[in-house]
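All remarks here apply to the structure that follows.
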Amino acid sequence: MRCPFCGFEESKVIDSRPAEDGEKIRRRRECLECAKRFTTYEMIESLPIIVIKKDRSRETFNRDKLLNGLMRACEKRPVSLPTLEKLIDEIESIIQNSLDREVQSEKIGELVMEKLKSIDEVAYVRFASVYRQFKDINTFMDELNKLLKG
């Protein structure tokens with residue numbers, strides 16, 4: 001690891017500890033040339049997830065885009081931001097663990113709806129109305145009836 005102070009390429013690790021729920025390792029290092037100390041973080045490199053949209057175009061999975069959609073669905077509802085971030089973490093984990101580097105946007109939408117249903121039913125219906133593009137009141141009522149029966 002190159003020293004940020006003098007540029008020397010060798011350092012020794014003084015202390016290592018987990019950081020951010022064990023997702024990263026924080027290391028305190030000391031430069032072997034100038035003896036100054038600095039901190040580095042080590043984490044697992046994850047491959048990007050590519051989302052295949054309805055029009056067949058592809059884009060990189062964007063947590064912020066998903067969070068914004070969820071925040072709109074949960075507007076004026078008793079759902080906290082940490083709850084939404086945890087939901088996105090779970091969805092991202094499911095996708096990462098699937099071994100597929102490309103995922104249909106429909107799959108992400110279905111995962112969101114499945115998780116959102118147990119968090120807040122009103123937010124679920126709001127998200128479903130945009131995601132499924134309800135054309136009229138009948139399709140909206142069909143979704144409400146499914147929710148009531150389930």
Side-chain angles (χ1 to χ4, degrees), residues 1-134 143 146-150:
M1 182 63 59
R2 181 173 296 177
C3 174
F5 303 105
C6 71
F8 191 68
E9 293 198 18
E10 291 188 37
S11 62
K12 67 178 177 181
V13 176
I14 298 169
D15 179 45
S16 288
R17 64 179 67 172
E20 297 183 29
D21 297 328
E23 296 293 320
K24 294 181 181 178
I25 295 177
R26 178 184 181 272
R27 299 195 193 281
R28 279 299 283 165
R29 297 178 175 270
E30 184 176 297
C31 176
L32 296 177
E33 180 70 19
C34 68
K36 289 192 178 179
R37 293 183 177 188
F38 56 99
T39 302
T40 61
Y41 291 88
E42 181 180 313
M43 62 184 207
I44 296 173
E45 181 180 38
S46 61
L47 297 172
I49 299 167
I50 304 300
V51 178
I52 304 170
K53 298 172 72 173
K54 289 178 185 175
D55 66 359
R56 311 305 299 158
S57 65
R58 288 168 164 73
E59 67 180 45
T60 305
F61 177 77
N62 186 339
R63 288 179 59 92
D64 293 334
K65 191 173 180 181
L66 185 53
L67 180 61
N68 286 336
L70 285 168
M71 286 174 48
R72 279 194 302 273
C74 295
E75 195 170 313
K76 297 183 181 179
R77 300 296 305 154
V79 181
S80 68
L81 185 59
T83 300
L84 295 179
E85 288 173 342
K86 183 174 181 253
L87 184 147
I88 293 171
D89 288 342
E90 290 172 6
I91 290 169
E92 194 169 13
S93 178
I94 289 168
I95 295 168
Q96 286 282 359
N97 292 336
S98 74
L99 303 178
D100 292 328
R101 293 299 108 210
E102 293 188 338
V103 63
Q104 300 282 338
S105 61
E106 290 86 7
K107 170 115 171 110
I108 295 171
E110 294 299 325
L111 287 169
V112 169
M113 289 188 353
E114 178 184 314
K115 302 258 181 218
L116 198 54
K117 188 186 289 189
S118 63
I119 293 172
D120 188 284
E121 292 177 342
V122 172
Y124 164 80
V125 171
R126 287 178 180 170
F127 187 88
S129 69
V130 173
Y131 171 70
R132 293 214 172 118
Q133 299 175 339
F134 294 154
E143 190 64 35
K146 281 187 217 171
L147 185 63
L148 291 172
K149 290 177 185 172

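Quick caveat, the model's predicted, so the values are computed rather than measured.
- Residue-environment remark: CD (Glu85) exceeds the threshold of 12 foreign heavy atoms within 6.0 Å.
- Residues Ile94 and Lys115 form a side-chain contact, since some pair of their non-hydrogen atoms from C-beta on lies under 4.5 Å apart.
- Residues Leu84 and Leu66 form no side-chain contact, since every pair of their non-hydrogen atoms from C-beta on lies 4.5 Å or further apart.
- The side chain to side chain contact (heavy atoms under 4.5 Å, CB included) test with Val103 is passed by exactly one of Ile50, Ile95, Ile52: Ile95.
- The number of heavy-atom neighbours closer than 6.0 Å to CZ of Arg2, taken from other residues, nucleotides and ligands shown, is 12 or below.
- The two residues Ala123 and Leu116 have their closest heavy-atom pair at O-CD2, 3.6 Å.
- Between the CZ atom in Arg126 and the CG atom in Asp120 there is a gap of 8.0 Å [rounded to 0.5 Å].
- Distance check, rounded to the nearest 0.5 Å: CD1 of Ile119 to OG1 of Thr83 gives 6.5 Å.
- Panel note: side chain Arg63, backbone Glu92; no donor-acceptor pair is recorded below 3.5 Å.
- Remark: side-chain polar atoms of Arg27 are not paired, donor with acceptor, to backbone N or O of Arg17 under 3.5 angstrom.
- Between Glu59 and Lys65, at least one side-chain nitrogen of the basic residue sits less than 4.0 Å from a carboxylate oxygen of the acidic one, meeting the salt-bridge criterion.
- No donor-acceptor pair under 3.5 Å is formed between the side chain of Ser93 and the backbone N or O of Glu90.
- Distance check: Arg26 CZ to Thr39 OG1 gives 4.5 Å after rounding to the nearest 0.5 Å.
- Not counting sequence neighbours, Lys117 has no partner by the salt bridge (charged side-chain N to carboxylate O under 4.0 Å, His left out) test.
- Rounding to the nearest 0.5 angstrom, the gap separating the CD atom in Glu9 from the SG atom in Cys31 is 10.5 Å.
- Around NZ of Lys54, the count of heavy atoms belonging to other residues, nucleotides or ligands within 6.0 Å exceeds 12.
- Note that the NZ atom of Lys36 and the SG atom of Cys3 stand 7.5 Å from one another [nearest 0.5 Å].
- Residue Asp89 holds its CG atom at 11.5 Å from CD of Gln96, rounded to the nearest 0.5 Å.
- A distance-only check finds no donor-acceptor pair linking the side chain of Asp100 to the backbone of Glu102 [under 3.5 Å].
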